[in-house]
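Keep in mind that the numbers below use all heavy atoms, side chains included, and drop hydrogens, waters and symmetry copies. Remember, it's 1-based here, ligands and their atoms both numbered in the order they're listed. A quick note: this is a predicted structure, and the numbers were derived from the prediction, not measured.
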Amino acid sequence: MDQAQVGARSGGYKTIVYVICSVAALGGLLFGLDQGFIANSLETIQQHYHLGVHDGERYSSILATGGIVGALLSGLFARFLGRKKSLLFAGFIFTAASAYSALLPPLPVLSACRFALGFGVGVASFIVPLFLSETAPASIRGSMGTLFQLMITIGIFLISLTNVLIVRAFVNPATSLPLMFLTITLFAALMFLGGFILPESPRWLMLKGRKEQAVAVLRRTLNTEEEINFAVAEIEQALHGPQGAGVGIVMRGYFMKVLLVGVLLQVFQQLVGINMMIYYSPTIFGYAGIKGLLAAMTVPTVNMLFTFPAIRLVEKWGRKKLLYVGAITMLVTMIAAGAAFQAIGSVSDSTMIGSAPKTVLLASAILYIFGFAVSWGPVVWLVCSEIFPLEGREIGMTITTMVNWTFAGLVMANALSFMQAHGNASIFYVFAGFCVLAILFVALFVPETKGITLEQMELNLKNGVRLRELGNQAPGR
Ligand code: BGC
């Protein structure tokens, strides 16, 4: 019997499990607030600081650099400070940097603050999935892990909406800009304060030899002594292997295998083009003559709404089925969006654009975001938090999180100029090509991780089970 079955037998999980996971997932809010901030504020920032297009781009993309550095160091924080304190640290940096930005300091300082925001988000984007995967019982680990992505999308939605409302209410950037930053500060402070109620991750406590404290946490989250003993035994078994692996673990064959899966999942998550839509959809819609609220709010709204079904589907259908559904949807809609732009051609007066290509573009964008929100958004972070063996989990997640930020930065920095250089339709076909590769990759290498304990998966990995079968309870060799 595994932990999921033990949990199910004893009649579900305590409310506190859901409270803990929801509070931890608030770290995802920071991520989303940052990702969503630029789309509807860049113009105001440019006005206030008299920035040209390139300076604006540079300011925006410092975020990704901060994210990479944050992710790089977060493995160390997670290991030495623990998961909870690292999350509080990320929340504090984020709150302080956004509050300071509201004072509208000189541009270099404002940019340093954006770097710090990225740094905080880099740390949070590593810690939250790790914490959730280590704290949630196996049978709801998927749903709880998905909360992270849900919070990201809520963050993107909230900040897009508040920025639009603020810009409409206050025309003067000297008033609207501080208000935008203060809104972020408020949300971030909420997460920071909420973080104090979190317990430490039982797996981290065990890793540090603090078994009594780990048992105390498990007692809060699990129902029966049987479940607690089971969880402790599983963690101990996992800890029995080589411990405290340094960076050298990346050279071990079994680790390289799962690292490859995690890295490629993150690469594809970005190369299917999501951040072109998150950052530039108002601009891209503008090219096709779609303006106003529709252009500003369609993507964040659809993105948030369709993350909700993912919470259930990730447990019901499993991770792989969702990845297929998402990649196929994104493939078809990227081709349709490319075709819409081809139909528009080089019309420079957007009022001359017919309604058919506009409708196709809008419908494709909505379906595309649906495809991402229900699958690659949540599932990639989730699987990356599940596949690594305990002794190398921080390193594995550090690397995969850095890869996410690196490729997100690449897309942010190049999508629009690529469109300029090769025609508006071109980039959509490129992303469609990556969707095809993503489908092949999922079919060949990605394991189904639904319902299996992290410890069993680790055992399978070390027993030489093939990647695709890592999540099987009694896998073939
Ligand atoms: C991705 C981000 C993206 C967000 C959109 C996340 O899973 O990592 O790059 O902006 O989803 O919801």
Side-chain angles (χ1 to χ4, degrees), residues 25 27-40 60-61 63-68 70-71 117-118 121-129 132 142 145-161 262-282 297-311 314 319 322-323 326-327 329-330 365-366 368-385 397 399-415 431 434 438:
L29 200 70
L30 304 185
F31 192 142
L33 292 171
D34 241 9
Q35 291 285 83
F37 187 72
I38 288 296
N40 295 332
S60 316
S61 61
L63 172 77
T65 318
I68 294 170
L117 290 176
V121 172
V123 175
S125 59
F126 164 88
I127 296 288
V128 175
L132 291 175
T146 311
L147 282 182
F148 172 63
Q149 178 70 16
L150 182 66
M151 290 295 175
I152 295 181
T153 62
I154 292 178
I156 294 175
F157 174 82
L158 281 178
I159 208 69
S160 304
L161 184 68
V263 163
L264 285 177
L265 275 173
Q266 292 286 15
V267 167
F268 284 122
Q269 194 210 43
Q270 293 304 321
L271 292 187
V272 295
I274 183 62
N275 281 312
M276 172 178 77
M277 302 303 281
I278 297 290
Y279 273 70
Y280 303 125
S281 57
M297 291 309 299
T298 299
V299 166
T301 310
V302 176
N303 191 30
M304 179 183 67
L305 289 182
F306 284 103
T307 305
F308 282 97
I311 298 180
V314 79
R319 290 42 160 170
L322 283 179
L323 289 176
T329 310
M330 290 190 286
I366 291 174
Y368 169 89
I369 294 293
F370 154 77
F372 180 87
V374 84
S375 64
W376 285 76
V379 173
V380 168
W381 289 104
L382 178 62
V383 174
C384 284
S385 73
M397 290 182 66
I399 296 174
T400 50
T401 307
M402 282 172 67
V403 168
N404 175 281
W405 282 103
T406 307
F407 281 81
L410 269 177
V411 172
M412 283 173 214
N414 296 299
F431 288 140
F434 282 115

Within a distance under 4.0 Å of any heavy atom of Asn303, pick out the atoms of ligand 1 and give their elements. 5 (C), 12 (O)
Please report the C-alpha distance between Phe370 and Ile366 in whole Å, then the side-chain angles of each, then the deciding distance to 0.1 Å, and finally whether the side-chain contact (heavy atoms from CB on, under 4.5 Å) criterion is met. CA-CA 6 Å; Phe370 154 77; Ile366 291 174; 5.6 Å; no
Who's the nearest protein heavy-atom neighbour of atom 2 (C) of ligand 1, and how far? Gln35 NE2, 3.5 Å
A student checking ligand 1 against Trp381 at a 4.0 Å heavy-atom cut-off should list atoms 6 (C), 7 (O), 8 (O)
Restricting to heavy atoms, the pick from Ile152, Ile154, Val379 nearest atom 4 (C) of ligand 1 would be Ile152
I'd like to know whether the aromatic ring centres of Phe31 and Trp405 sit less than 6.0 Å apart in this structure. yes
For atom 6 (C) of ligand 1, closest protein heavy-atom neighbour: Gln149 OE1, 3.5 Å
Should one rank Asn275, Asn404, Ile278 by closest heavy-atom distance to atom 10 (O) of ligand 1, which comes out on top? Asn275
Below 3.5 angstrom, do we get any N/O pair linking Thr153 and ligand 1? no
Would Gln266 count as a contact residue for ligand 1, given that I'm defining contact as a non-hydrogen atom of the residue lying under 4.0 Å from a ligand atom? no
For Leu323, is there any backbone N or O sitting under 3.5 Å from a side-chain donor or acceptor partner on Trp376? yes
Matching residue for Gln266 among Thr406, Thr401, Asn404 - test: side-chain hydrogen bond (donor to acceptor under 3.5 Å, both in side chains): Asn404
Test Leu150 against Phe308 for side-chain contact (heavy atoms from CB on, under 4.5 Å), laying out the working first. CA-CA 7 Å; Leu150 182 66; Phe308 282 97; 3.7 Å; yes
What atoms in ligand 1 come closer than 4.0 Å to a heavy atom of Gln269? 1 (C), 6 (C), 7 (O), 8 (O)
Work out whether the distance between some heavy atom of Gly377 and some atom of ligand 1 is less than 4.0 Å. yes
Do any N or O atoms from the side chain of Asn414 and from the backbone of Leu410 form a donor-acceptor pair under 3.5 angstrom? yes
What are the two closest non-hydrogen atoms of Met402 and Ala71, and how far apart are they? CG-CB, 3.6 Å
Minimal non-hydrogen separation, Ala310 against Val374, with atom names: CB-O, 3.7 Å
Atoms in ligand 1 with a heavy atom of Ile156 nearer than 4.0 Å: 5 (C), 12 (O)
Return yes when Phe372 approaches ligand 1 closer than 4.0 angstrom through a heavy atom, no otherwise. yes
